[in-house]
Amino acid sequence: MLSTNEVQIIIWLAGLLIAANIAAMSLFVLYAKLPNGKLQRIIHNIIYRLDELADKLANEEKRAVAIQQINTLLGWWNVIVPKEVIGWIIDSEVAAIREMQKATNTTTPNLHDDPELNKLTACIMRQVTLEEITTLAVQAKPALQQAAQHYDWPIKVYYHWSAGHYNQYFNDYHLNIGKDGSVFVSTNDLSTKKSHTYFRNSGAIGIAAACAYDAKSANDLGPEPPTTLQIEAMAQITAVLSKALNIPIDIKHFMTHAEAADNMDGCDPGYEANGYPQGKYGPQNSVERWDLWALKEGDDPGTGGNILRGKGIWYQQNGVG
């Protein structure tokens with residue numbers, strides 16, 4: 001039987017915890033709503049990026065992705081700040097952005113040249129080894145399979161370039177590869193649905209080489225083309241994911257964004273309703289997306305995917321994965 005003093009202490013401690021929780025949530029809201037504050041800029045960055053992507057997620061899906069990204073950013077603070085509060089912040093900021101866009105007749109800004117935003121967003125990235133990628137892939141495999149089976153396709157891996165600067169990372173991809181081949185994850189769950197490939201994100205992993213800013217054609221990959229170290233890292237990741245997910249290294253399972261954009265595996269997850277009856281908007285058609293159509297200037301256009309897959313097979317045969 002607790003004494004009166006012990007009951008009072010328990011009540012006092014419970015009250016203190018509740019008060020601390022409320023104070024933490026209030027500080028989060030105030031910080032998030034602070035005009036031109038860093039957290040508000042990160043939230044706006046996330047919203048703009050989701051708006052900018054070719055993958056036209058429903059608003060509720062975009063909201064869920066944004067909540068997940070902010071949760072990752074908060075770290076252990078996400079235990080204190082509930083998703084409902086984060087969702088409310090996102091809704092209010094989306095409304096404010098829409099009003100601003102309406103008033104100024106603007107759309108999503110170009111985020112590639114905002115170094116401060118990129119630095120802030122990069123803080124939720126974590127560098128990983130191939131061994132860690134293996135562990136994450138094995139853990140994610142059941143959820144990836146379930147999501148892929150819903151669309152009657154296998155687990156897929158999509159190769160991208162970010163069309164940004166070297167070492168500029170984006171949360172749209174599960175894995176980002178730096179100029180020197182270093183690999184960073186944007187989530188600890190590779191089954192998390194990211195917005196990297198138009199209508200192909202369920203049961204899929206997106207990998208991006210941080211490069212190709214201002215790339216114009218297969219013969220002009222801009223001032224920051226894919227580096228040899230990025231290409232080799234992407235091939236090594238291919239070998240690792242193939243083994244961990246038990247999927248072969250072929251075009252049905254590993255595709256460049258350029259190949260996916262031209263629907264080279266014949267997959268049709270509902271393009272017709274969005275103006276692409278055959279699902280083709282890549283380098284052989286409207287050229288809206290052409291990531292890694294060529295890996296180096298002088299390579300034959302269209303060889304990027306085969307080179308990456310071939311290197312992936314070589315690494316796998318030589319002990320990687």
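- Taking 4.5 Å as the limit, every side-chain heavy atom of Lys296 sits out of range of all side-chain heavy atoms of Pro225.
- Evaluation of the salt bridge (charged side-chain N to carboxylate O under 4.0 Å, His left out) test over residues 201-230, restricted to residues two or more places apart or in two chains, returns Asp214-Lys216.
- Sorted by first and then second residue, the pairs that involve residues 228-245 and meet salt bridge (charged side-chain N to carboxylate O under 4.0 Å, His left out), not counting sequence neighbours, are Glu232-Lys311.
- Every side chain to side chain contact (heavy atoms under 4.5 Å, CB included) that Gln278 has, sequence neighbours left out, goes to Lys280.
- Contact detail for Ala147 and Gly203: the closest heavy-atom pair is CB-N, 3.5 Å.
- For the atom pair CG of Asp299 and CD1 of Ile307, the computed distance is 4.5 Å after rounding to the nearest 0.5 Å.
- Annotation: Glu288, atom CD; neighbour count of heavy atoms from other residues, nucleotides and ligands within 6.0 Å is above 12.
- Considering all non-hydrogen atoms of both residues, Gly279 and Asn263 come closest at O-CB, 3.1 Å.
- When side chains are defined from C-beta on, Leu221 counts as touching Pro226, because their heavy atoms get closer than 4.5 Å.
- Side-chain atoms of Gln127 do not come within 3.5 Å of backbone N or O of Phe184 as any donor-acceptor pair.
- Side-chain atoms of Asn219 and Ser217 form no donor-acceptor pair, as typed in the model, at a separation below 3.5 Å.
- If you chain together ILVMFWY residues whose side-chain heavy atoms come under 4.5 Å of each other, Tyr166 ends up in a group of its own.
- With rounding to the nearest 0.5 angstrom, the CD atom of Glu84 is 13.0 Å from the CD1 atom of Ile89.
- Two residues are said to be in side-chain contact when any heavy atoms from C-beta on lie closer than 4.5 Å; Ile207 and Ile237 meet this criterion.
- Leu245 is not listed as a side-chain neighbour of Gln145, based on a closest heavy-atom distance of 4.5 Å or more.
- In terms of the salt bridge (Lys or Arg N to Asp or Glu O under 4.0 Å) criterion, Lys179 has no residue partners (sequence neighbours excluded).
- For His165 and Tyr213, the gap between ring centers is short of 6.0 Å.
- Applying the ring pair (Phe, Tyr, Trp, His ring centres under 6.0 Å) test to Tyr151 and every residue at least two apart in sequence or in another chain returns Trp153.
- Heavy-atom minimum distance, Ala218 versus Trp290: N-CZ3, 3.7 Å.
- Asn167 and Tyr169 share a side-chain donor-acceptor pair at under 3.5 Å.
- For the pair Trp161 and Ala294, the tightest heavy-atom approach, listed with the atom from each and the gap, is CZ3-O, 3.9 Å.
- Rounding to the nearest 0.5 angstrom, the gap separating the CG atom in Leu308 from the CG atom in Leu295 is 5.0 Å.
- With values rounded to the nearest 0.5 angstrom, Leu241 atom CG is found 12.5 Å from Asn246 atom CG.
- Under the 3.5 Å distance criterion, the side-chain polar atoms of Ser186 are matched with a main-chain donor or acceptor of Tyr173.
- Taking Asp91 as the reference, Arg63 meet the salt bridge (Lys or Arg N to Asp or Glu O under 4.0 Å) condition, with sequence neighbours excluded.
- Counting only N and O atoms by type, the side chains of Gln168 and Ser162 include no donor and acceptor under 3.5 Å apart.
- Rounded to the nearest 0.5 angstrom, Asp291 CG and Tyr159 OH are separated by 13.5 Å.
- Ser242 approaches Gln316 most closely through the heavy-atom pair OG-NE2, 3.1 Å.
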Which pairs of donor and acceptor atoms, one on a side chain in residues 132-144, lie under 3.5 Å apart (sequence neighbours left out)?
unit_1 : atom_1 : unit_2 : atom_2 : d
Glu132 : OE1    : Thr129 : N      : 2.9
Glu132 : OE1    : Thr129 : OG1    : 3.4
Glu132 : OE2    : Arg126 : NH1    : 3.4
Thr134 : OG1    : Leu130 : O      : 3.1
Thr135 : OG1    : Glu131 : O      : 3.3

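- The backbone N or O of Asp172 lies less than 3.5 Å from no partner atom in the side chain of Ser195, so there is not a single donor-acceptor pair.
- Looking only at side-chain heavy atoms (C-beta outward), Leu292 and His257 stay at 4.5 Å or farther from each other.
- Between the side chain of Asp250 and the backbone N or O of His253 there is at least one donor-acceptor pair closer than 3.5 Å.
- Judged as a salt bridge (charged side-chain N to carboxylate O under 4.0 Å, His left out), the pairs with a partner in residues 257-267 (not counting sequence neighbours) are, in order, Lys156-Asp265, Arg200-Asp265, Glu259-Arg309.
- Note on residues 293-314: no pairs pass ring-ring contact (aromatic ring centres under 6.0 Å, His included), not counting sequence neighbours.
- Under the ring pair (Phe, Tyr, Trp, His ring centres under 6.0 Å) criterion, His174 pairs with His196, sequence neighbours left out.
- Remark: side-chain polar atoms of Asn176 are paired, donor with acceptor, to backbone N or O of Phe170 under 3.5 angstrom.
- For the 3.5 Å distance criterion, the side chains of His160 and Thr197 qualify, holding a donor opposite an acceptor.
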- Go through the steps for Lys194 and Ile205 under the test side chain to side chain contact (heavy atoms under 4.5 Å, CB included), then give the verdict. CA-CA 8 Å; Lys194 296 280 186 175; Ile205 293 175; over 6 Å; no
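- Side chain of Thr192 to backbone of Asp189: a donor-acceptor contact under 3.5 angstrom is found.
- Under the rule for a side chain to side chain contact (heavy atoms under 4.5 Å, CB included), the partners of Ser92 that lie at least two apart in sequence or sit in another chain are Lys33.
- If you take CG on Leu229 and CD1 on Ile177, they are separated by 10.5 Å, rounding to the nearest 0.5 Å.
- Within the 3.5 Å criterion, the main-chain N or O of Met234 finds a donor-acceptor partner in the side chain of Thr238.
- Shown here is Asn318, whose CG atom has more than 12 heavy atoms of other residues, nucleotides or ligands within 6.0 Å.
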